[in-house]
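Note on naming: letters A, B, ... go to the chains in the order of the sequence lines (proteins, then strands), and numbering restarts at 1 for each one.
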There are 2 protein chains.
Amino acid sequence: MKQAVSLYLGIDGGGTGCRAAIWRDGVVGQGAAGPANLTSDFEGGMANLRSAITAAAQSAGLGAAELEQAIGHAGLAGVQTDDMARKVAGQLPGRCCVTEDRDIAIAGALGAEGDGAVLAIGTGSFVGLRRGGTIRAVGGWGLQLSDQASGGWLGRAALAATLEAVDGMRDRTALSEALLARMGGTPQEIVGYAASARPADYGALAPVLVQALEAGDPLARDLFARGAGWLDRALAALGHRLEEPICLTGGLGPRYRALLDRPDRRFVAPLGTPLDGALILARAAGGRA
Amino acid sequence: MKQAVSLYLGIDGGGTGCRAAIWRDGVVGQGAAGPANLTSDFEGGMANLRSAITAAAQSAGLGAAELEQAIGHAGLAGVQTDDMARKVAGQLPGRCCVTEDRDIAIAGALGAEGDGAVLAIGTGSFVGLRRGGTIRAVGGWGLQLSDQASGGWLGRAALAATLEAVDGMRDRTALSEALLARMGGTPQEIVGYAASARPADYGALAPVLVQALEAGDPLARDLFARGAGWLDRALAALGHRLEEPICLTGGLGPRYRALLDRPDRRFVAPLGTPLDGALILARAAGGRA
């Protein structure tokens, strides 16, 4: 009989998709499924998590009974309370610790230990600092009130600026014209889009902004500069020290590098993904960090 | 038999409530009902409009057949397209012209004619300028992407700032503490509130901000100053001239007076309400301006 603690399950659930991986002396199976933000859609998110886990187990050749022996860690967007974490853990296989997704992003980017800052900037965003094993973080409260600098935030701000351009309150630029055309050509269509847009919908506009930034579009530069200003304030609020490396992750993180560059700031590439981070935390919980 | 053109119906529909009035040589009946923002809730809004009209007709002693003889004007929040205006007009009694709510706000504030700017700042907001009978306006595209300086915008910005205060990214103030306590005491409860908050929910926080502004709270001053900055930019974009009077309307309009004061700017009190404006436009359409 195998030792039960030799099997680990890592889960990374976010607003655009979720992933699961199984470890037994190395990664032996992986799976993926749709969005798993449990605040915006609990049942749908749980169903996607189960799909990803089942796919990972199948690719590892594991049955349900074996999976119940796993020690797991799930980092999930939208898990804001201990009550919700417990509720989710009860519905996952094995002995699974559930946290919001900051912990796995930091463990994935910086590895199992070591001080440093992680600026995770995808559809959503947060800034975290690990020092002496303790993590503190700011932002990441969701697009309605937070997630500054993220793809959702950039996309929404760009549409708001496009309405101001249509109103004659700011210059029209190639970016505002491109967004207006993409929405159908009228401000009413922009408003209609926004009426039902979720963070991922706004975030889907981010590639247009990145392209405009690279082309030197003044609106794109203004929006990324505002995002970078918030990231700088976040680092300052966390008391980031120059000797602590800064890791830019997520689809948009690297785009902020040039805007955050300062003498003596040290940038490092992420060691791994949030899913790697989930496995790191699962193995640490099992005594095999 | 009475002359058909002697009966006028005015309707003012907004995100927090709707009102109807009937005119026959003076106002002879009024009615009110719940919200009527037709973008956020078409069927519910139409039901409220019908309730307000029925109440106005009853208080005027008018039957449905008589009401069909009325010439009306309805100014409704969320009517963004001609298609929607026609659809709504077809469901209202009499011969009713339907526009978004800017026109009636300006006619109500400035009267049937005369140049001037209207800064309408309630749950939502817009800035309009009437010159030589022509109206141009900016803003007012809804809280998702616009409505700067409004009650909804202030409330949402104050909650976002409160999360930053909790995160240590800005100073805690009496206002941020009051909002945190009101939401339940934790950032998670603020996020939960925002998950389902509509503009009117955010706007319901405005009285707390006004009180804080009067007490000199730095966060409240910062937020109102940002709103005032946008209003100044809006006036500039519309080409407002100093000789044109400025009228601050809506529940929050007068709160911005001190922040907008400049030498030679002339502020005037509104002549009437948006509902008065709807009756003015209905009577103008009937040839009795």
Side-chain angles (χ1 to χ4, degrees), chain A residues 37 39-41 78-84 100 126-127 136-148 153 155-171 179 183 186-197 202 230-239, chain B residues 37 39-41 78-84 100 126-127 136-148 153 155-171 179 183 186-197 202 230-239:
Chain A
N37 183 318
T39 291
S40 44
D41 178 8
V79 171
Q80 307 264 10
T81 64
D82 292 344
D83 273 357
M84 185 185 275
E100 37 82 71
F126 78 90
V127 176
R136 286 184 308 127
V138 300
W141 297 108
L143 184 59
Q144 271 298 315
L145 301 176
S146 181
D147 280 9
Q148 290 88 344
W153 182 89
R156 187 179 62 186
L159 289 181
T162 299
L163 287 178
E164 288 202 346
V166 171
D167 275 348
M169 286 189 66
R170 61 163 69 223
D171 292 337
L179 290 173
M183 292 292 133
T186 68
Q188 287 79 12
E189 286 163 303
I190 294 178
V191 172
Y193 183 85
S196 63
Y202 289 120
W230 186 87
L231 295 169
D232 271 325
R233 282 212 294 127
L235 285 171
L238 290 169
Chain B
N37 183 319
T39 292
S40 45
D41 179 8
V79 172
Q80 307 263 11
T81 64
D82 292 345
D83 273 358
M84 186 186 271
E100 37 82 72
F126 77 91
V127 176
R136 287 185 307 128
V138 299
W141 297 108
L143 183 59
Q144 270 300 316
L145 300 176
S146 179
D147 281 9
Q148 290 87 346
W153 181 90
R156 187 180 61 187
L159 289 182
T162 299
L163 287 178
E164 288 202 346
V166 170
D167 274 346
M169 287 190 63
R170 59 164 70 224
D171 292 339
L179 289 173
M183 293 292 133
T186 68
Q188 287 80 10
E189 286 164 305
I190 293 178
V191 173
Y193 183 84
S196 62
Y202 289 120
W230 185 87
L231 295 169
D232 271 324
R233 282 210 298 127
L235 285 171
L238 290 168

Mind listing the closest non-hydrogen atom pair of G168(A) and A237(B) along with its distance?
O-CB, 3.5 Å
Leading residue by heavy atom contact count with chain B [cutoff under 4.5 Å; candidates [options]]:
{"options": "M169(A), Q144(A), R136(A)", "answer": "M169(A)"}
{"options": "S146(A), P187(A), A161(A)", "answer": "P187(A)"}
{"options": "A195(A), A137(A), G142(A), G139(A)", "answer": "G139(A)"}

With heavy-atom distances below 4.5 Å as the criterion, would you say the side chains of L145(B) and Y193(A) are in contact?
no
Between E164(A) and Q148(B), is there a side-chain heavy-atom distance shorter than 4.5 Å?
yes
Working for side chain to side chain contact (heavy atoms under 4.5 Å, CB included), residues F126(B) and D167(A):
CA-CA 11 Å; F126(B) 77 91; D167(A) 275 348; over 6 Å; no
Name the region of I190(B), side chain, backbone, both or neither, that has any atom closer than 4.5 Å to a heavy atom of chain A.
both
Heavy-atom distances under 4.5 Å only: say whether L143(A) touches chain B with side chain, backbone, both or neither.
neither
